[in-house]
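Fair warning: this is a prediction, and the values are worked out from it, not measured in the lab. The figures that follow rest on heavy atoms only: side chains count, while hydrogens, waters and symmetry mates do not.
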Amino acid sequence: MVLNNSNNGHNGAHYFARGWQLIRLPGIRRFVILPLLVNILLMGGAFIWLFGRLGQWIPELMSMVPGWLQWLSYLLWPLVVLSIILVFSYFFSTLANWIAAPFCGLLAEQLEARLTGQPLPDSGWSAIVKDFPRIMKREWQKLAYYLPRAIVLLLLYFIPGFGQTVAPVLWFLFSAWMLAIQYCDYPFDNHKVSFARMRSALRQNKTDNLQFGALVSLFTLIPILNLAIMPVAVCGATAMWVDRYRATLGSAR
């Protein structure tokens, strides 16, 4: 069965919603199981641990608010909580993606074949084993891109006032962009599109990709729903690849 997915006018919210539909497709559900299990075990355990520590961390961060901003404490407190959860959720979602990268690539591959009716030449578990070193190299490339920028943003949190007001907004935008890169990378990498070329392609539709990444980031913060977000995001990003990028970049393989 080939699904009609030819409309290129959709925004990032459409592809995020599409991901929730695609994970339920017969024949695709079995490829969702392993990424789902990795996410449930890692993210579920991580959030249980985090909520046990928030009571200690929040007063420490709030103590850094300068006296002239104390009157805004009732507004800053939610921002502090949100920023902690954002940083924490992105860190552990990145770790989960490292572990599940081969399975996410396989999910993207199988879904693309379902959407287009054209299976990739090298596919299946044997291709995963063969390409495992390349898949891990790609994860290192994403980490090398992420770490310097993340360190700068984290240092901003220690600037009194700025760190409790502007830094959380900047971190949210950065996380949205990185999550768009993270999940769009699976179908791009399946076609051996270089990391630099992928980023260039995503920047051409940066608003829509930020919208997609922002929704992934927000749902990562919602208990229960965040346990399914990895396969949902992979499916949504794969649908976006098929609609927007496959015709021009698919030949890179």
Side-chain angles (χ1 to χ4, degrees), residues 8 10-19 35 39 43 79 82-98 100-101 104-105 108 135 137-157 162-163 165-191 193-222 225-226 229-246 248-249:
N8 293 335
H10 296 310
N11 60 20
H14 165 83
Y15 290 110
F16 180 75
R18 185 87 171 119
N39 214 39
M43 292 295 288
L79 282 176
L82 181 62
S83 62
I84 290 175
I85 296 176
L86 275 172
V87 173
F88 189 86
S89 63
Y90 187 80
F91 173 79
F92 276 94
S93 66
T94 300
L95 182 59
N97 278 304
W98 266 69
C104 290
I135 292 170
K137 179 183 177 182
R138 188 70 163 221
E139 293 301 313
W140 275 110
Q141 285 180 300
K142 284 183 275 190
L143 185 63
Y145 178 81
Y146 163 76
L147 273 181
R149 295 161 177 82
I151 290 170
V152 171
L153 282 174
L154 288 174
L155 290 175
L156 294 179
Y157 277 91
F162 187 90
T165 54
V166 180
V169 177
L170 294 178
W171 182 267
F172 179 78
L173 293 173
F174 174 64
S175 294
W177 176 240
M178 283 304 308
L179 286 169
I181 287 176
Q182 177 67 52
Y183 289 107
C184 288
D185 186 56
Y186 295 118
F188 277 84
D189 188 41
N190 282 341
H191 287 266
V193 178
S194 72
F195 186 59
R197 193 176 181 191
M198 179 200 68
R199 296 200 321 271
S200 176
L202 294 183
R203 278 196 293 267
Q204 294 175 19
N205 299 286
K206 194 164 188 176
T207 300
D208 288 343
N209 286 310
L210 276 173
Q211 188 180 72
F212 177 80
L215 285 168
V216 174
S217 186
L218 285 173
F219 273 70
T220 302
L221 308 178
I222 303 174
L225 290 179
N226 61 1
I229 200 63
M230 182 189 293
V232 167
V234 172
C235 289
T238 302
M240 189 188 301
W241 155 266
V242 170
D243 280 1
R244 293 188 170 181
Y245 306 109
R246 186 177 188 272
T248 55
L249 296 175

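Residue F212 holds its CZ atom at 11.5 Å from CG of N11, rounded to the nearest 0.5 Å. For the atom pair CG (N205) and CE (M240), the distance works out to 8.0 Å, reported to the nearest 0.5 Å. For the atom pair CD (E139) and OH (Y146), the distance works out to 13.5 Å, reported to the nearest 0.5 Å. Note that CZ of R138 and OG of S194 are 6.5 Å apart. Values are rounded to the nearest 0.5 Å. One distance of note links CD of Q204 with CG of N209; it measures 10.0 Å at 0.5 Å rounding. With rounding to the nearest 0.5 angstrom, the CE atom of M178 is 9.5 Å from the CG atom of D185.
Figure legend: cation-pi geometry between K142 and Y183 absent, as NZ or CZ is not positioned both under 6.0 Å from the six-membered ring centre and within 45° of its axis.
In this view, Q211 satisfies the side-chain hydrogen bond (donor to acceptor under 3.5 Å, both in side chains) rule with no residue, not counting sequence neighbours. L210 pairs by the side-chain contact (heavy atoms from CB on, under 4.5 Å) definition with A176, W177, K206, not counting sequence neighbours. Listed by chain and residue number, I151 satisfy the side-chain contact (heavy atoms from CB on, under 4.5 Å) test with L155 (two or more places apart in sequence, or in another chain). With sequence neighbours left out, F188 forms a ring pair (Phe, Tyr, Trp, His ring centres under 6.0 Å) with W241, Y245.
Ring to ring, F219 and F16 are close: their centroids are under 6.0 angstrom apart.
A donor-acceptor distance shorter than 3.5 angstrom exists from the side chain of T220 to the backbone of V216, with no hydrogens or angles considered.
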Hey, mind stepping through D189 and M198 against side-chain contact (heavy atoms from CB on, under 4.5 Å) and telling me if it holds? CA-CA 9 Å; D189 188 41; M198 179 200 68; over 6 Å; no

Apply side-chain contact (heavy atoms from CB on, under 4.5 Å) to L202 and I181, showing your working. CA-CA 8 Å; L202 294 183; I181 287 176; 4.1 Å; yes

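Evaluation of the salt bridge (charged side-chain N to carboxylate O under 4.0 Å, His left out) test over residues 230-240, restricted to residues two or more places apart or in two chains, returns none.
The side chain to side chain contact (heavy atoms under 4.5 Å, CB included) with S217 is formed by just one residue from the set L173, I229, L179; it is L179.
Here the closest non-hydrogen pair linking C104 and V234 is O-CG1, 3.6 Å. Closest approach of A201 and L249 over heavy atoms only: CB-CD1, 3.9 Å. P187 approaches A237 most closely through the heavy-atom pair CG-O, 4.1 Å.
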